[in-house]
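Each chain gets a letter, A, B and so on, in the order its sequence line appears, and its residues count up from 1.
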Amino acid sequence: MRPFLLEGGSVSQMPVAEGKNVQQTVELLTRKLEMLGAEKQGTFCVDCETYHTAASTLGSQGQAGKLMYVMHNSEYPLSCFALFENGPCLVADTNFDVLMVKLKGFFQSAKASKIETRGTRYQYCDFLVKVGTVTMGPSARGISVEVEYGPCVVASDCWSLLLEFLQSFLGSHTPGAPTVFGNRHDAVYSPADTMVQYMELFNKIRKQQQVPVAGIR
Amino acid sequence: MMPGTVFRSVLDHSLESLIHRLRGLCDNMEPETFLDHEMVFLLKGQQASPFVLRARRSMDRAGAPWHLRYLGQPEMGDKNRHALVRNCVDIATSENLTDFLMEMGFRMDHEFVARGHLFRKGIMKIVVYKIFRILTPGNTDNTEALSLSYLVELSVVAPAGQDVVSDDMRNFAEQLKPLVHLEKIDPKRLM
């Protein structure tokens with residue numbers, strides 16, 4: 001399995017009415033997929049909550065505050081993923097969310113930072129494509145495209161195939177190889193690798209300016 | 001989730017009799033033995049007491065998930081209750097648990113190896129085990145027994161509010177006498 005993510009950065013920054021362009025782009029992508037022959041297969045959702053070390057813990061630990069991300073993926077409904085940027089990704093069952101409630105004196109949720117992507121799943125032969133609208137609160141902030149090639153578990157073995165498939169419906173927006181692979185080209189792919197990519201995508205989107213509203217109505 | 005727990009110990013030479021009686025009293029299942037390595041982690045903050053988490057892995061079952069457990073303070077409520085009751089959260093995790101806990105700021109306080117037998121009767125779990133001290137940190141092959149006894153632990157994990165459970169535990173404990181007298185631990189005696 002080898003997911004890949006693309007964020008329509010250049011598209012979401014176009015100066016039109018907030019939200020409208022994101023939806024149009026999503027519709028354009030999904031129409032292209034349907035023309036290729038992909039079949040709709042339900043919906044998906046990936047969400048991410050950010051926690052930071054509480055000030056009271058920082059003093060005694062003597063370390064800079066770190067951000068911890070707790071994520072969920074509807075593809076793995078019984079799991080919870082917890083990760084640090086450039087750090088380990090823990091795969092746990094959903095009781096981890098209960099533990100975070102117990103830990104609230106030590107780790108605080110940055111409330112406004114919850115981010116998620118929701119959309120439709122498409123199956124095209126051995127490829128699974130998920131096109132989602134990334135939202136923070138009520139505002140749409142970007143688009144995520146995830147592509148999985150089912151039969152293969154080693155990243156480097158199928159990257160060219162994935163690239164070709166991506167080009168067939170993303171055209172010039174096809175990106176380069178994800179950084180999560182680094183020098184681990186021969187490693188077996190795992191769900192944690194997908195979550196790291198989503199975390200990087202969400203962080204990138206968070207840092208971008210919101211789509212400005214054009215003119216005053 | 002609230003486990004009710006009662007503890008006692010039995011000397012090595014009485015182990016066989018106890019196991020024999022437990023086989024008779026408990027659910028009919030293949031006798032299950034275990035060899036686990038447990039590490040206790042603390043997170044210190046400005047709060048009076050550090051946050052404690054227990055990470056446990058099986059040493060004899062390859063591929064089993066790691067087990068992370070949070071145990072709350074014992075409930076001081078009803079003195080007539082026959083078992084110690086605590087809030088508990090159990091989480092199955094991937095193998096990189098210790099690295100992750102360290103990244104969160106936890107530090108290992110102590111570790112030990114537990115070897116023993118596991119029995120079940122309905123929702124009750126009975127564990128008879130010996131604790132081994134790890135002589136060199138991180139080296140689970142070099143251990144020494146902490147005492148000449150086996151610890152006997154009777155516990156139940158149930159949704160909060162089910163007090164009826166501790167009566168079942170007391171009734172079961174009665175059946176283990178005189179081999180072992182299971183009693184509720186007074187948490188203050190442990191401090």
Checking side chain to side chain contact (heavy atoms under 4.5 Å, CB included) for the pair A:N95/B:L68: CA distance, chi angles, key distance, verdict? CA-CA 10 Å; A:N95 263 349; B:L68 181 63; over 6 Å; no
Do other residues, nucleotides or ligands put more than 12 heavy atoms under 6.0 Å from [X] [atom1]?
X      : atom1 : value
B:H20  : NE2   : no
B:L148 : CG    : no
B:E95  : CD    : no
B:E144 : CD    : yes
B:K130 : NZ    : yes

Please list every donor-acceptor pair under 3.5 Å in which a side-chain atom of residues 51-60 of chain B meets a protein atom from a residue at least two apart or in another chain.
unit_1, atom_1, unit_2, atom_2, d
B:R54, NH1, B:E38, OE2, 2.7
B:R56, NE, B:D36, OD2, 3.0
B:R56, NH1, B:E38, OE1, 2.6
B:R56, NH2, B:D36, OD2, 3.4
B:R57, NE, B:H37, ND1, 3.2
B:R57, NH2, B:H37, ND1, 3.3
B:S58, OG, B:D60, N, 3.3
B:S58, OG, B:D60, OD1, 2.9
B:S58, OG, B:R61, N, 3.0

Please list, chain by chain and in numerical order, all residues satisfying salt bridge (charged side-chain N to carboxylate O under 4.0 Å, His left out) with B:R120, sequence neighbours excluded.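 Per chain and number, B:R120 pairs via salt bridge (charged side-chain N to carboxylate O under 4.0 Å, His left out) with B:E32.
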Pairing residues for B:E111 by the salt bridge (charged side-chain N to carboxylate O under 4.0 Å, His left out) criterion, not counting sequence neighbours: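 If we apply the salt bridge (charged side-chain N to carboxylate O under 4.0 Å, His left out) test to B:E111, skipping adjacent residues, there are no hits.
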Using a 4.5 Å cut-off on heavy atoms from C-beta on, say whether the side chain of B:V89 contacts that of A:V101.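 The answer is no; the side chains never approach within 4.5 Å.
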Side chains of B:D99 and A:F84: closer than 4.5 Å at any heavy-atom pair?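 The answer is no, as the side chains (C-beta and beyond) never meet within the 4.5 Å cut-off.
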Interatomic spacing from [atom1] in [X] to [atom2] in [Y] - rounded to 0.5 Å:
X      : Y      : atom1 : atom2 : value
A:T94  : B:I91  : OG1   : CD1   : 9.5 Å
B:L43  : A:L103 : CG    : CG    : 7.0 Å
B:K44  : A:F106 : NZ    : CZ    : 11.0 Å
B:L101 : A:L90  : CG    : CG    : 7.5 Å

Just checking heavy atoms, which of residues 116-124 of chain A are less than 4.5 Å from chain B?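 Under the 4.5 Å heavy-atom cut-off, nothing qualifies.
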Under 3.5 Å, is there a donor-acceptor pair between the side chain of B:N96 and the main chain of A:P88?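 Here the side-chain-to-backbone pair does not exist.
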I'd like to know if the side chain of A:K66 reaches the main chain of B:E103, judged simply by a donor and an acceptor atom lying under 3.5 Å from each other, with no hydrogens or angles considered.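 At least one qualifying donor-acceptor pair exists.
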Does any backbone or side-chain atom of A:C89 lie under 4.5 Å from a heavy atom of chain B? Answer side chain, backbone, both or neither.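 A:C89 touches chain B through backbone heavy atoms alone.
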Relative to each other, are the rings of B:F100 and A:F96 parallel, tilted or perpendicular (30° and 60° limits)?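 Answer is perpendicular, since the angle exceeds 60°.
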